[in-house]
Each structure stands twice: as structure tokens, then as C-alpha cells.
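Heavy atoms only: backbone and side chains are in, while hydrogens, waters and symmetry mates are out.
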Amino acid sequence: MAAADVKLLAPASELAEKARHPYPDESADYAEARKKLLAEEIELRRHLERVAAQRRALPPGPVVTKDYRFQGKDGEVGLADLFEGHDTLVTYCWMFGPERARPCPMCTQFLGPLAANALDLRQKVALAVIARSPVDRLYDFAKERGWRGLPLYSDTSEAFGRDHNAWHDDGDWPSYDVFTKDADGTIRHFWGAELGGTQDPGQDPRGAPEMSPLWNVLDTIPAGRGTDWYPSIDY
């Protein structure tokens with residue numbers, strides 16, 4: 001959203017006053033506090049849109065020159081193959097290396113909702129979830145969880161994950177990246193999530209916006225997401 005457009009927007013407090021609907025038996029203090037909160041939520045939505053617009057306006061990213069290879073369910077493929085005919089590819093590096101008995105619970109809670117929307121998303125963009133474990137092991141776990149439509153790949157050489165801040169000598173980290181492919185076949189790195197390690201005191205690492213329904217829902221309850229609870233793989 002351009003700066004000129006922002007100036008034309010109605011004040012958040014004005015929109016909050018119009019949009020707020022009373023609940024049965026609410027106190028005056030509760031009503032006033034909710035109205036102020038609603039105004040802040042409107043401003044948050046506007047800020048997220050400004051950030052999204054700034055992301056979309058990034059200049060051309062670096063050209064990908066390496067011939068990254070992956071093992072998919074139908075054999076070996078390259079990065080260009082992951083685009084599946086689209087001009088945009090979203091990749092997620094999943095913490096599920098061969099040394100793990102079970103995959104990372106935090107990655108898994110993100111991938112579950114992503115799998116539920118995978119077929120919808122793949123109408124517009126390509127998706128690829130990448131891990132270091134053999135591809136058959138990845139699909140075995142996907143079957144266990146009931147995931148459908150989520151393309152899984154093994155980073156057999158580990159080159160891709162190491163170049164994109166996922167695989168390290170001291171362990172794996174999740175990595176969310178977006179790539180584009182020009183009409184002439186040139187692949188560029190468009191954007192990657194870089195908020196890991198930037199959290200404020202008392203917070204766990206998190207993205208902005210938060211893409212996980214789990215944490216978004218918990219942020220709406222009185223106790224919040226807390227600092228001592230994480231989802232489990234087995235329940």
C-alpha cells in the first residue's frame with residue numbers, strides 16, 4: 001500500500017467504533033477495552049499489509065547457479081523441476097534428518113495445516129518440503145499423519161539446505177524460502193524467512209506474520225501461547 005493510500009484510510013479508532021458489536025451483559029470497562037483493542041488489531045492488519053507490499057517490491061534476488069539435486073518419490077530431480085510449471089516455488093526445510101527417531105514437533109505442527117491446503121496452494125504456486133532423511137521415510141510419516149498433496153523431497157547431497165540456512169554441523173533448523181523462475185528459465189531466490197534468533201526476551205522464535213494456525217489460535221486465548229508448552233508428535 002502506497003503512502004498516499006495510507007493517508008486516505010479512515011482512522012482505526014473510527015472503524016473500531018463502527019464495527020464493534022456489544023455482547024450480552026458486557027460491562028462498560030470491557031466494552032471500552034475491546035474497542036481500543038479492535039483499533040490496535042486494525043492497525044496491525046494494516047502494518048502486515050505494508051510489510052507484505054514491501055516484500056513484494058523487493059528488487060530481483062540473487063540468481064541460483066548451483067545444480068541442486070533432490071530425490072523425490074519418482075526419482076532424482078533438480079530445483080527447476082520442483083516448480084511444476086509455475087513461476088514461483090515455496091520450499092520448507094523440515095527438521096527430519098536420518099539421526100532423528102521422530103521429526104521435529106514444531107516443524108510437524110506447521111506442515112500439518114500446510115498439507116491440508118497444499119492442493120489449494122499448488123493451483124497458484126509450487127510447494128516442496130525438503131528434509132535430509134530418505135524420501136521413503138518422509139512419505140511413510142506423511143501417510144501416518146494423513147497428509148495428502150504435499151510434495152516431499154530428500155536433500156541427498158545436503159547442498160541445498162546448507163546454502164539456505166537449514167542444515168548445520170551442530171544440527172538442523174527450519175528454513176522457509178521463496179524462489180521465482182523467469183521466462184528464460186533463470187531461477188532467483190526471492191525471499192527467505194530470517195527472523196530466527198531475533199525474538200525478544202521471554203519469547204520463542206517466531207515468524208511475522210505467524211503462519212501457523214496453532215500459535216495464532218493460542219494467541220487469542222487468555223493464557224496465550226505460553227513459554228513451556230509445545231505440541232507433541234504422538235498423542
Side-chain angles (χ1 to χ4, degrees), residues 55 58 61-73 76-83 88-115 125-142 144-145 147 150-180 187-212 214-215 225 227-234:
R55 185 183 297 115
L58 285 169
V63 174
V64 177
T65 58
K66 289 189 178 180
D67 182 24
Y68 296 112
R69 309 303 295 177
F70 309 91
Q71 193 70 26
K73 63 179 180 179
E76 187 178 88
V77 295
L79 184 64
D81 299 310
L82 305 189
F83 280 80
T88 305
L89 166 68
V90 174
T91 66
Y92 183 80
C93 286
W94 179 18
M95 296 169 64
F96 190 11
E99 73 283 353
R100 283 180 173 267
R102 303 288 276 167
C104 166
M106 299 295 283
C107 288
T108 303
Q109 64 81 24
F110 169 70
L111 291 177
L114 186 65
V125 300
L127 291 177
V129 175
I130 301 163
R132 294 191 300 112
S133 281
V135 69
D136 288 344
R137 190 175 188 227
L138 305 181
Y139 275 100
D140 285 345
F141 185 79
E144 174 189 326
R145 302 292 282 200
W147 296 349
L150 194 60
L152 307 175
Y153 298 92
S154 177
D155 185 7
T156 49
S157 72
E158 301 188 7
F160 178 85
R162 287 189 175 274
D163 283 350
H164 294 89
N165 303 310
W167 323 141
H168 301 269
D169 291 338
D170 59 352
D172 293 351
W173 289 93
S175 176
Y176 181 106
D177 292 274
V178 180
F179 298 86
T180 60
I187 297 175
R188 295 178 181 272
H189 183 268
F190 169 72
W191 175 81
E194 298 181 273
L195 283 166
T198 67
Q199 64 270 17
D200 293 318
Q203 294 181 344
D204 289 316
R206 61 190 64 180
E210 176 64 74
M211 290 186 283
S212 168
L214 174 71
W215 302 121
R225 66 177 69 188
T227 58
D228 58 356
W229 178 86
Y230 293 94
S232 174
I233 288 291
D234 303 298

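Y139 is linked by a side-chain hydrogen bond (donor to acceptor under 3.5 Å, both in side chains) to nothing, counting only residues two or more places apart in sequence or in another chain. Qualifying side-chain hydrogen bond (donor to acceptor under 3.5 Å, both in side chains) partners for Q71, counting only residues two or more places apart in sequence or in other chains: none. Under the salt bridge (charged side-chain N to carboxylate O under 4.0 Å, His left out) criterion, D177 pairs with no residue at all, not counting sequence neighbours. K73 is linked by a salt bridge (charged side-chain N to carboxylate O under 4.0 Å, His left out) to nothing, counting only residues two or more places apart in sequence or in another chain. Looking at residues two or more places apart in sequence or on another chain, you find a side-chain contact (heavy atoms from CB on, under 4.5 Å) between W173 and H168. Here D136 pairs with nothing under the side-chain contact (heavy atoms from CB on, under 4.5 Å) rule; sequence neighbours left out. R137 pairs by the salt bridge (charged side-chain N to carboxylate O under 4.0 Å, His left out) definition with nothing, not counting sequence neighbours. Residues passing the salt bridge (charged side-chain N to carboxylate O under 4.0 Å, His left out) test with R55: none are found, sequence neighbours excluded. In terms of the side-chain hydrogen bond (donor to acceptor under 3.5 Å, both in side chains) criterion, W147 has no residue partners (sequence neighbours excluded). Every residue meeting the side-chain contact (heavy atoms from CB on, under 4.5 Å) condition with P174, not counting sequence neighbours, appears here in chain and number order: Y92, M95, C107. Take D234 and apply the side-chain hydrogen bond (donor to acceptor under 3.5 Å, both in side chains) test, not counting sequence neighbours, and it matches R102. Partners of A159 under the side-chain contact (heavy atoms from CB on, under 4.5 Å) rule, at least two apart in sequence or in another chain, are Y68, S157.
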Exercise. Apply the test side-chain contact (heavy atoms from CB on, under 4.5 Å) to residues L152 and F141: give CA-CA distance (whole Å), side-chain angles for both, the deciding distance (0.1 Å), then the verdict.
Key: CA-CA 11 Å; L152 307 175; F141 185 79; over 6 Å; no
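Ring geometry for F179 against F160 counts as tilted: the plane angle lies between 30° and 60°, on a 0 to 90° scale.
Side-chain atoms of S133 come within 3.5 Å of backbone atoms of G97 as a donor-acceptor pair (strictly under, hydrogens ignored).
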